[in-house]
Amino acid sequence: MLRFATLAPVAAVGLAVAGPALAQDYAIIGLSLFDDLVPTGGAEGADADFNAEFDFVEGRICYYLEINGLPDADGAAIHRGRSSGTGAEMIVLPLPDPPDDEVCIDADANLLQRMNQARDDYYVMVRTPDYPDGAIRAQLSH
């Protein structure tokens with residue numbers, strides 16, 4: 001019995017120390033964007049892959065955005081909004097140049113954390129001149 005009584009305080013201290021160490025410093029997000037996810041209708045047959053790391057410590061997003069079937073894509077962004085609607089642009093995502101390059105941009109760390117915690121409330125969208133409200137998109141939760 002004495003052995004268990006001695007370990008209990010040590011275990012409790014270990015949990016208290018481990019709690020902050022488990023805080024998340026970053027999130028990895030991988031999405032596939034499609035035309036049929038745009039509420040108003042997107043560019044038929046187009047798609048993209050978005051693979052990103054949200055760094056909550058540095059306030060930075062590094063991502064790859066591979067776009068297919070949209071040679072006239074002229075912009076991308078993360079917007080606030082549910083899957084059934086559109087919303088305000090929150091973070092502009094410069095298009096990769098060349099197309100297979102990684103892009104890293106600064107972003108508000110608190111905003112990145114909010115986006116990560118409520119992924120259903122945010123989406124990534126790629127636009128073209130013919131589809132200024134979105135050619136393809138996907139919620140961060142997909």
Side-chain angles (χ1 to χ4, degrees), residues 3-142:
R3 192 169 37 178
F4 293 111
T6 304
L7 291 177
V10 172
V13 169
L15 289 175
V17 171
L22 296 175
Q24 191 173 2
D25 292 339
Y26 66 93
I28 303 295
I29 297 175
L31 307 174
S32 293
L33 289 73
F34 296 103
D35 61 294
D36 61 349
L37 299 175
V38 179
T40 57
E44 189 173 332
D47 64 67
D49 289 319
F50 177 77
N51 296 292
E53 178 183 84
F54 285 17
D55 184 328
F56 308 131
V57 175
E58 298 294 323
R60 195 157 181 76
I61 301 174
C62 289
Y63 62 91
Y64 291 94
L65 178 61
E66 183 181 335
I67 303 170
N68 302 302
L70 291 177
D72 58 344
D74 63 2
I78 299 175
H79 289 252
R80 182 174 180 92
R82 302 291 255 163
S83 62
S84 61
T86 58
E89 184 176 273
M90 305 302 290
I91 298 175
V92 173
L93 301 172
L95 297 177
D97 185 26
D100 58 349
D101 258 5
E102 178 182 39
V103 177
C104 292
I105 59 170
D106 292 332
D108 180 85
N110 291 324
L111 175 59
L112 294 177
Q113 287 178 335
R114 287 193 308 274
M115 288 178 172
N116 186 54
Q117 292 167 354
R119 291 185 184 192
D120 283 343
D121 295 337
Y122 297 91
Y123 62 93
V124 175
M125 182 209 46
V126 176
R127 69 174 186 271
T128 68
D130 290 338
Y131 296 94
D133 294 326
I136 53 177
R137 75 182 253 179
Q139 297 301 122
L140 290 184
S141 58
H142 288 169

If you define the side chain from C-beta out and look only at heavy atoms, does anything of [X] sit under 4.5 Å from [Y]?
X	Y	value
His142	Leu37	yes
Arg137	Leu31	no
Val38	Asp133	no
Phe54	Ile61	yes
Ile91	Met115	yes
Met90	Leu111	yes

Give a yes or no answer on whether the side chain of Tyr131 reaches the backbone of Ala73 with a donor-acceptor pair at less than 3.5 Å. no
What distance separates [X] [atom1] from [Y] [atom2], expressed to the nearest 0.5 Å?
X	Y	atom1	atom2	value
Gln139	Ser84	CD	OG	8.5 Å
Arg114	Tyr122	CZ	OH	5.5 Å
Asp49	Asp47	CG	CG	6.5 Å
His79	Leu93	NE2	CG	8.5 Å
Glu53	Asp25	CD	CG	10.0 Å

Might you point out which heavy atoms bring [X] and [Y] nearest each other, and give the distance in Å?
X	Y	result
Ile28	Arg119	O-NH2, 3.8 Å
Pro39	Ser83	CG-O, 3.6 Å
Leu65	Pro96	O-CG, 3.5 Å
Ile105	Val103	CG2-CG1, 4.0 Å
Leu95	Ala76	CD2-CB, 4.0 Å
Thr128	Ala135	CG2-CB, 4.0 Å

Candidate pair Thr86 and Met125, rule side-chain contact (heavy atoms from CB on, under 4.5 Å), full reasoning: CA-CA 10 Å; Thr86 58; Met125 182 209 46; over 6 Å; no
If you count every heavy atom of other residues, nucleotides or ligands that lies below 6.0 Å from Phe56 atom CZ, does the total exceed 12? yes
May I ask you to check whether over 12 heavy atoms, not counting those of Glu66, lie within 6.0 Å of atom CD? no
Report the residue from Asp108, Asp55, Asp106 that forms a salt bridge (charged side-chain N to carboxylate O under 4.0 Å, His left out) with Arg60. Asp106
Does the side-chain contact (heavy atoms from CB on, under 4.5 Å) test come out yes or no for Ile29 and Asn51, once each step is laid out? CA-CA 6 Å; Ile29 297 175; Asn51 296 292; over 6 Å; no
Is Arg127 paired with Asp74 through a side-chain N to carboxylate O contact shorter than 4.0 Å? yes
Would you please classify the geometry between the Tyr63 ring and the Phe50 ring as parallel, tilted or perpendicular, with 30° and 60° separating the classes? tilted
